[in-house]
Amino acid sequence: MTDVVRLEVQGDIALITVNNPPVNALGQAVREGLLKAFQHAEADQHVRAVALVCEGNTFIAGADIKEFGKPPQAPSLPEVIEVIEGCNKPSVAVIHGTALGGGLEVALGCHYRIARKDAKVGLPEVKLGLLPGAGGTQRLPRLAGVEKALDMIVSGTPIGAAEAVEHHIVDELFEGDLREAGLAYARRLVDEGRGPRRTGEQTQGLEGADNEALIRAKHAEVAKRMAGLFSPLRCIAAVEAATKLPLAEGLKRERELFAECLNSPQRGALVHSFFSERQAGKINDLPFDVKPRSIKTAAVIGGGTMGVGIALSCANAGVPVKLLEINDEALQRGLQRARDTYAASVKRGSLTEEAMEKRLALVEGVTEYAALADADVVVEAVFEEMTVKQQVFEQLDAVCKPGAILASNTSSLDLNAIAAFTKRPEDVVGLHFFSPANVMRLLEVVRGEKTSNEVLATAMAIGKQLKKVSVVVGVCDGFVGNRMVFQYGREAEFLLEEGATPQQVDAALRNFGMAMGPFAMRDLSGLDIGQAIRKRQRATLPAHLDFPTVSDKLCAAGMLGQKTGAGYYRYEAGNRTPQENPELAPMLEAASREKGIERKALDEQYIVERCIFALVNEGAKILEEGIAQRSSDIDVIYLNGYGFPAFRGGPMFYADSVGLDKVLARVKELHARCGDWWKPAPLLEQLAAEGRTFTDWQSGQ
Ligand code: 3H9
């Protein structure tokens with residue numbers, strides 16, 4: 001047929017095989033191959049049934065995402081699926097790995113579906129700012145019912161094969177060889193005289209439930225949980241069309257809604273997020289033959305929130321981990337913290353008691369460094385103080401086996417200085433987890449001056465093992481994420497001096513799409529953290545730089561955030577909902593007065609630009625200094641560690657979409673008015689002058 005789709009006729013069964021690595025995406029050649037193969041099977045008089053299988057690790061994982069935004073090439077996927085469904089010989093899709101998006105839509109076009117027991121099926125288009133555009137919104141509800149179809153399409157979360165059987169999406173499970181299973185099932189179809197069973201002609205899923213009520217409920221859920229997103233409402237509209245229109249009209253409506261999504265800027269941003277995450281795993285200058293070391297056991301030093309979170313990350317991934325504390329009392333507190341964290345998951349229903357005990361059994365408490373002698377990787381998560389790190393790394397150097405990875409979780413200290421406390425700086429790397437480490441996906445992998453390639457590759461492999469999104473960063477104060485967030489938080493504070501309240505700033509940034517406002521975030525992490533950073537910076541940065549003072553005033557009054565019941569907001573005991581802190585207003589007035597600023601109302605766009613462009617300007621400096629490999633790596637860090645809205649693609653992508661000339665104009669204006677914090681990054685100036693974007697710069701255009 002084509003290079004990527006093969007047709008073999010075995011007796012009276014046509015076996016169609018897709019082979020388009022890595023994930024059998026439905027690029028033009030696959031679509032054309034499928035079309036021809038099914039047409040051929042239809043025309044061949046000897047063929048009485050068709051089995052569709054895929055080579056490699058997975059069934060078709062969807063449309064080829066790289067084709068979005070380019071001129072469409074025939075045949076379109078809906079046309080191909082129409083031919084598959086219309087075929088007069090029964091067909092079976094043989095699913096293994098993940099049948100996603102257009103892949104599941106192809107399977108739904110087939111007349112029967114069987115799945116290997118470990119397979120998954122889903123319609124994740126919403127995560128790319130789209131909706132299933134090749135019949136998924138019309139065919140899935142006809143099989144699975146409106147409620148399940150809405151859940152799957154609006155969340156984009158795949159389900160397991162057994163669940164897919166329960167919901168009539170898959171007919172039967174199998175184990176073993178794909179081709180044999182496909183041929184055997186097709187044989188049965190012939191022997192039992194079962195003809196085509198077209199999904200588009202089914203109605204059982206649309207009957208018997210109050211579909212209007214289900215659709216109303218989904219609207220309410222989306223308004224609450226997915227506000228600001230373009231495609232979820234269109235997903236609902238498409239499913240609603242399935243409940244009201246005949247198939248052909250429903251498909252037409254789906255196409256219209258799909259086109260709206262395809263043309264929305266959110267699609268571009270979400271597709272950028274998808275590819276950026278995958279690219280982040282690649283290290284530009286790492287020779288391809290560098291092999292990571294094998295990691296079978298781990299150790300964590302420090303039983304505080306961070307250390308325990310890291311230990312639980314290991315246990316979640318099935319890696320046995322030793323947790324070291326300085327004495328038995330501190331150790332017991334750490335182990336109890338681990339148990340409490342899991343117990344909360346059990347209470348929420350996201351973990352079973354049995355799984356909890358199994359994971360806790362992987363965490364062994366120890367108080368002697370000698371117990372770490374056989375660990376493949378040790379992660380230090382002790383107090384952020386160089387002298388404390390020195391003691392830890394000197395001891396690790398003395399006890400750890402040759403080849404062990406010695407990692408620091410420092411969020412701001414100089415990794416090269418830490419590495420120098422050992423006689424093996426090439427084995428030292430930063431593994432900067434984000435709190436809570438057992439939940440947050442981001443891992444900054446800090447490459448020290450002397451970190452060896454093998455250790456760097458191993459650190460990335462550890463990230464993968466722990467199911468993290470790992471991004472390589474260089475050594476500087478705060479690395480990428482915190483160095484940038486410092487600029488962001490500082491500008492948010494300056495806004496308080498100009499006349500805003502924490503409520504206004506937080507609301508403006510939440511409306512922009514940030515998961516949390518900067519002040520609610522600071523209250524959560526504790527104001528003393530920022531105070532320590534400012535103290536260090538005041539001592540080292542040029543004296544003419546102005547620092548905001550509201551946070552210092554709160555710290556002086558003992559209001560350190562949630563942990564003290566008050567910070568920028570006030571918190572009632574046992575309740576994390578921020579309330580107005582009546583003691584703040586006089587502090588704001590005083591801060592403005594001391595600097596001779598007349599307080600005035602600030603508009604939302606100004607608030608957003610002041611905070612977000614501060615991120616962008618610092619991001620540009622980070623790129624120039626080579627602290628991040630690519631602008632998209634910065635985006636990945638912000639999307640996965642700082643609650644930046646995925647539908648905006650990350651701060652650097654967002655700046656590209658605004659236009660770097662506009663960003664620069666605002667940065668220059670703020671530089672003139674607010675001083676040298678806003679000194680424009682030379683890279684920003686250069687790109688704006690050349691009419692290029694960060695994305696162009698990254699791709700060498
Ligand atoms: C759709 O179907 C629209 C239709 O409804 C309507 C059309 C009209 N295309 O993630 P991995 C690449 S929308 C192109 O590291 P894993 C990926 O970039 C689509 N490329 O592997 C990477 O490349 P590289 C709906 C794709 O094993 C390589 O494959 N489908 C695509 O961890 C390996 O990927 C989805 O949204 C693609 N569709 O996970 C599914 N998918 O090696 C998106 C992957 O150069 N894909 N690549 O960096 C996934 O969720 C995961 O990739 C998957 C494998 C679970 C399949």
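As a basis for the values below, the full set of heavy atoms in this structure was taken, side chains included, without hydrogen atoms, waters or symmetry mates. First listed ligand is number 1; within each ligand, the first listed atom is number 1.
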With a 3.5 Å cut-off and no angle check, do the side chains of Thr693 and Asp696 form a donor-acceptor pair?
-> yes

Sequence neighbours excluded, the answer for side-chain hydrogen bond (donor to acceptor under 3.5 Å, both in side chains) partners of Glu260 is Arg234

Show the distances, to 0.1 Å, for all pairs joining an N/O atom of ligand 1 and a protein N/O atom that are shorter than 3.5 Å, listing one pair per line.
| unit_1 | atom_1 | unit_2 | atom_2 | d |
| --- | --- | --- | --- | --- |
| ligand 1 | 2 (O) | Ala63 | N | 2.8 |
| ligand 1 | 2 (O) | Gly102 | N | 2.8 |
| ligand 1 | 5 (O) | Glu105 | OE1 | 2.8 |
| ligand 1 | 5 (O) | Glu125 | OE2 | 2.5 |
| ligand 1 | 5 (O) | Gly133 | N | 3.1 |
| ligand 1 | 9 (N) | Ile65 | N | 3.0 |
| ligand 1 | 10 (O) | Arg278 | NE | 2.6 |
| ligand 1 | 10 (O) | Arg278 | NH2 | 3.1 |
| ligand 1 | 30 (N) | Ala61 | O | 2.9 |
| ligand 1 | 38 (N) | Ala63 | O | 2.9 |
| ligand 1 | 48 (O) | Lys282 | NZ | 2.6 |

Residues that Phe653 engages under ring-ring contact (aromatic ring centres under 6.0 Å, His included), provided they are two or more places apart | His272

Using a strict cut-off of less than 4.0 Å between a Lys/Arg side-chain nitrogen and an Asp/Glu carboxylate oxygen, indicate whether Glu166 and Lys148 qualify as a salt bridge.
-> no

Charged N-O contact under 4.0 Å between Lys218 and Glu221 = yes

So salt bridge (charged side-chain N to carboxylate O under 4.0 Å, His left out) across residues 434-446, not counting sequence neighbours, yields Glu277-Arg441

